[in-house]
Amino acid sequence: GDAKKFSRQRIAPMLSHCKRLRDKVSEVKSRDSGNTVLQKMFPGGSLTLVGANSSSGLSSTPIRYLIGDEVDRWSVSAGTEGDPWRLAEARTTTFHNSKLIRVSSPAQKDSSAIERAYLEGTQEKWCHRCPGCGEWNEINMQTVKYTYDSHVKGKITTYKVTSVNWACPECGLIFPEETMRGQPAKWIAENPEAGTRGIRSFWIKGFESPWR
């Protein structure tokens with residue numbers, strides 16, 4: 001059900017609005033087995049959408065590019081077949097140049113699948129350069145400083161944030177959000193050795209979202 005919803009809400013509009021893609025993928029037709037809601041055929045390949053709880057869907061086709069979305073919300077087992085990711089991963093072994101991607105907002109700490117995957121990789125974080133001392137650090141709750149006004153009415157207290165700034169952990173200088181958004185930023189790995197094994201991992205916070 002989630003795979004069908006993703007196809008209709010994300011894939012279908014993308015194909016419809018992009019002419020280059022629209023010319024390669026035919027419209028969904030009941031008599032055209034090459035293009036259904038869950039499978040899109042195109043010259044040179046295909047896109048298959050599968051729910052993580054479907055053992056048959058995860059083990060039925062060779063895969064070169066495997067993308068697992070929101071893996072922390074997957075079923076623990078695909079039916080009685082075990083770990084859904086391992087089932088799908090096994091389908092990539094026929095390709096010497098396969099690429100596997102796992103994406104998720106982390107759920108429960110210490111039992112999170114995406115956390116384990118992150119720790120196996122390069123552990124890269126998106127870091128900004130301090131306008132004062134030039135050192136590179138990530139923006140997190142420990143370095144965000146804010147002020148607020150509080151208003152008590154009966155048993156209810158409401159808060160209104162009046163300012164939000166970032167404090168550099170190296171030099172202690174404080175800068176507003178507008179200044180930090182204009183600073184250079186880059187990925188910095190805490191475990192770069194994992195890159196030699198071909199495993200890169202990235203952690204980016206909501207602070208970096210252009211829509212928030």
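Remember, it's a predicted structure, so these values are computed and weren't measured experimentally.
L87 is not connected to L66 by any chain of hydrophobic side-chain contacts under 4.5 Å among Ile, Leu, Val, Met, Phe, Trp and Tyr, and they are in different clusters. Cluster membership for F6 and F42, using ILVMFWY side-chain heavy atoms within less than 4.5 angstrom, is shared. Both W203 and L119 belong to a single network of hydrophobic side chains, linked directly or stepwise wherever heavy atoms of I, L, V, M, F, W or Y lie under 4.5 Å apart. Hydrophobic clustering of Ile, Leu, Val, Met, Phe, Trp and Tyr side chains at less than 4.5 Å, counting indirect connections, unites V25 with L49.
Counting heavy atoms from C-beta on, the side chains of L38 and K4 come closer than 4.5 Å. Counting heavy atoms from C-beta on, the side chains of D149 and H151 never come closer than 4.5 Å. A heavy-atom distance below 4.5 Å is not found between the side chains of C130 and Q183. Contact check for P184 versus R129: side-chain heavy atoms found under the 4.5 Å cut-off. Counting heavy atoms from C-beta on, the side chains of I139 and H128 come closer than 4.5 Å. Contact of the R102 side chain with the E89 side chain is not registered, since no non-hydrogen atoms from C-beta on lie closer than 4.5 Å.
Distance check: M41 CE to L47 CG gives 10.5 Å after rounding to the nearest 0.5 Å. S201 OG to Q123 CD: the interatomic distance, rounded to the nearest 0.5 Å, is 5.5 Å. Interatomic distance, CZ of R116 versus CG of D110, reported as 10.0 Å (0.5 Å rounding). Going from atom CG of N137 over to atom CD1 of I188 covers 7.5 Å, rounded to the nearest 0.5 Å. To the nearest 0.5 angstrom, R200 atom CZ is 12.0 Å from I101 atom CD1. Note that the OG1 atom of T179 and the CG atom of L173 stand 11.5 Å from one another [nearest 0.5 Å].
Remark: I156 CD1 is loosely packed, at most 12 non-hydrogen atoms of other residues, nucleotides or ligands lying under 6.0 Å away. Heavy atoms from other residues, nucleotides or ligands lying under 6.0 Å from CZ of F95 number more than 12. Enclosure of atom CG in D2 is not indicated, since only 12 or fewer non-hydrogen atoms of other residues, nucleotides or ligands lie within 6.0 angstrom.
Pairs passing the ring pair (Phe, Tyr, Trp, His ring centres under 6.0 Å) check and including a residue from residues 51-93, sequence neighbours excluded, do not occur.
Looking at T196, its side chain does come within 3.5 Å of a backbone N or O of E193 through a donor-acceptor pair. In this structure, the side chain of R73 does not engage the main chain of S104 through any donor-acceptor pair within 3.5 Å. For T122 (side chain) and N191 (main-chain N/O), no donor-acceptor pair under 3.5 Å exists by modelled atom type.
Listed here is the closest heavy atom pair of K145 and Q142: NZ-O, 3.4 Å. Closest approach of A194 and E120 over heavy atoms only: CB-O, 3.6 Å. Taking both residues in full, the closest heavy atoms of P43 and K24 are given as CD-O, 3.5 Å, listed atom of the first, atom of the second, then distance. When all heavy atoms of S75 and N53 are compared, the pair lying nearest together is OG-CB, 3.7 Å. Residue R22 comes nearest to H17 through the heavy atom pair NH1-C, 4.1 Å, listed as atom of the first residue, atom of the second, then distance. Heavy-atom minimum distance, E124 versus W187: OE1-CB, 3.4 Å.
For the pairing with F207, the side chain to side chain contact (heavy atoms under 4.5 Å, CB included) check across E138, M180, M141 returns one residue only, M141.
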List the atom pairs, donor and acceptor, that lie under 3.5 Å between side-chain atoms in residues 161-172 and the rest of the protein, sequence neighbours left out.
residue	atom	partner	partner atom	Å
T162	OG1	T147	O	3.1
T162	OG1	T147	OG1	2.6
S163	OG	T147	OG1	2.6
W166	NE1	T143	OG1	3.0

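Under the 30°/60° scheme for interplanar angles, the aromatic rings of Y148 and Y146 are found to be tilted.
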Full working for side chain to side chain contact (heavy atoms under 4.5 Å, CB included) between L21 and M14: CA-CA 8 Å; L21 296 178; M14 179 178 68; 3.9 Å; yes

